[in-house]
Amino acid sequence: MAARIIDGKQVAHDIRAELKKETAQLKEQGIVPGLGVILVGEDPASQSYVTAKERACAETGLYSDDNRLPADTTQADLVALIQNMNADPKIHGILVQLPLPKHLNEAEALLTIDPAKDVDGFHPVNVGRMVLGEKAFLPCTPHGVIQLLARSGVTIAGAHAVVVGRSNIVGKPLANMLLQKKENANATVTVCHTGTADIAYHTRQADIVIVAAGRPNTLTADMVKDGATVIDVGVNRVEDASRKSGFRLVGDVDFEAIKDKASLITPVPGGVGPMTIAMLLYNTVESAKRAMA
Ligand code: NAP
């Protein structure tokens, strides 16, 4: 059976359209949701991520405050800028694009962000609230995965979900979100990583497999049961001489083989990727609404 392909671009487009409406309503009440963006240095990938986020803000009606700082920016200057944004009522969300140059202390920078403006959901206060099941800003990529599942009609409650990967930005928060006794959650969750003895043993039992390992073909067809839902978070560059760029993007999942076995699957690109920015906008609008309340 050929799987239904989950169109992440369309789902992200729908969410952004909802947010555009909400933003227009907020504007009528005198509030423009604002995102403060900080990029240090000239890493090309980070530059293109930040440009995409700012473009998405503009298209959705959000204000963005663009701060591109030189690579030799000091920790003191970075912290001072974050503190200014914490105090600025026009800014409802603060985004420090990671990774920061090596001489800067990333943990200290993230701790400086007011948890009420931590729209990336990386501050320990928000991580703690999420784990406790309290109201929190949820990290954007894992929240995007939950939204993709829910909006594709996948029942998470009662499902066995296997997450491959345990990073602080994807695997761990995603496993925690799936585990919550809440709507769009309440799954039985298994987390696999490089220390797992037999990953296939776990993934073969999964109703939902989510792979965030950062390695092509981490999930192959023999590791998936018939009819499973497969979500591919991975983004990897592989050489491709037929492309002008010399490479193409692939996920962590053997898409071609698994699409004939799964019932639902996300492509790369066009699956989870577009959801991350949509959920960043969602958190910023949410923060603006909380600031009004
Ligand atoms: P990461 O920090 O490198 O973590 C990778 C995790 O996968 C680690 O927990 C690692 O296990 C595990 N892992 C690696 N190889 C494995 C294997 N062969 N078998 C089992 N587990 C394995 O990566 P990340 O930041 O979570 O990102 C994961 C992927 O998602 C990357 O391709 C990244 O580019 C992509 N990503 C995409 C988006 C998006 O918007 N679409 C956002 C974020 C990340 P250990 O803990 O044991 O080392």
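Both counts, for ligands and for their atoms, begin at 1 and track the order of listing.
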Taking only non-hydrogen atoms of Ile169 and a 4.0 Å limit, the atoms of ligand 1 in range are 25 (O)
> Does the side chain of Tyr282 reach to within under 4.5 Å of the side chain of Gln147, using non-hydrogen atoms?
Replying inline: no
Against ligand 1, does Ala212 come closer than 4.0 Å with any heavy atom?
yes
- Side chains of Met275 and Val11 in contact at under 4.5 Å (non-hydrogen atoms): yes
Would you call Ile265 and Ile5 a side-chain contact if the rule is heavy atoms closer than 4.5 Å? yes
Out of Ser167, Pro142, Gly8, the nearest non-hydrogen contact to atom 2 (O) of ligand 1 is supplied by Ser167
Donor-acceptor contact present, side-chain Lys182 to main-chain Gly133, <3.5 Å
yes
the protein heavy atom lying closest to atom 42 (C) of ligand 1 turns out to be Thr141 OG1, 3.3 Å
- Message: When you measure from the side chain of Thr23 to the backbone of Val32, do you find a donor-acceptor pair of N or O atoms at a distance under 3.5 Å?
- Response: no
Ligand 1 to Val164, heavy atom cutoff 4.0 Å, flagged ligand atoms 20 (C), 21 (N)
The answer for which part of Thr194 has a heavy atom under 4.0 Å from ligand 1 is both
More than 12 non-hydrogen atoms from neighbouring residues, nucleotides or ligands closer than 6.0 Å to NE2 on His103, yes or no? yes
Thr276 heavy atoms within 4.0 Å reach ligand 1 at atoms 39 (C), 40 (O)
Restricting to heavy atoms, the pick from Val145, Asn217, Asp232, Val233 nearest atom 35 (C) of ligand 1 would be Val233
Note: heavy atom closest to atom 8 (C) of ligand 1, options Lys172, Arg166, His193, belongs to Arg166
The closest protein heavy-atom partner of atom 32 (O) of ligand 1 is Val235 N, 3.0 Å
message: Apply side-chain contact (heavy atoms from CB on, under 4.5 Å) to residues Val50 and Arg68 and explain how you reach the verdict.
response: CA-CA 10 Å; Val50 161; Arg68 304 203 180 201; 3.4 Å; yes
Closest to atom 5 (C) of ligand 1 by heavy-atom distance, out of Gly273, Gly165, Ala213, Gly214, is Ala213
Backbone or side chain, does any N or O of Asp252 fall under 3.5 Å from an N or O of ligand 1? no
Discussion item. If we count only N and O atoms by modelled type, under 3.5 Å, do the side chains of Asp14 and Gln10 hold a donor and an acceptor together?
Written reply: yes
Using distance alone, determine whether Thr218 and ligand 1 share an N or O pair under 3.5 Å. no
Atom 20 (C) of ligand 1: closest protein heavy atom, distance to 0.1 Å, is Ile199 CD1, 3.3 Å
Ligand 1 atoms nearer than 4.0 angstrom to some heavy atom of Val170 are 26 (O), 43 (C), 44 (C)
Check: Under a 4.5 Å cut-off applied to non-hydrogen side-chain atoms, are Ile6 and Ile231 in contact?
Finding: yes
- prompt: If you measure from the Lys or Arg side-chain nitrogens to the Asp or Glu carboxylate oxygens, is any gap between Glu18 and Lys21 under 4.0 Å?
  reply: no
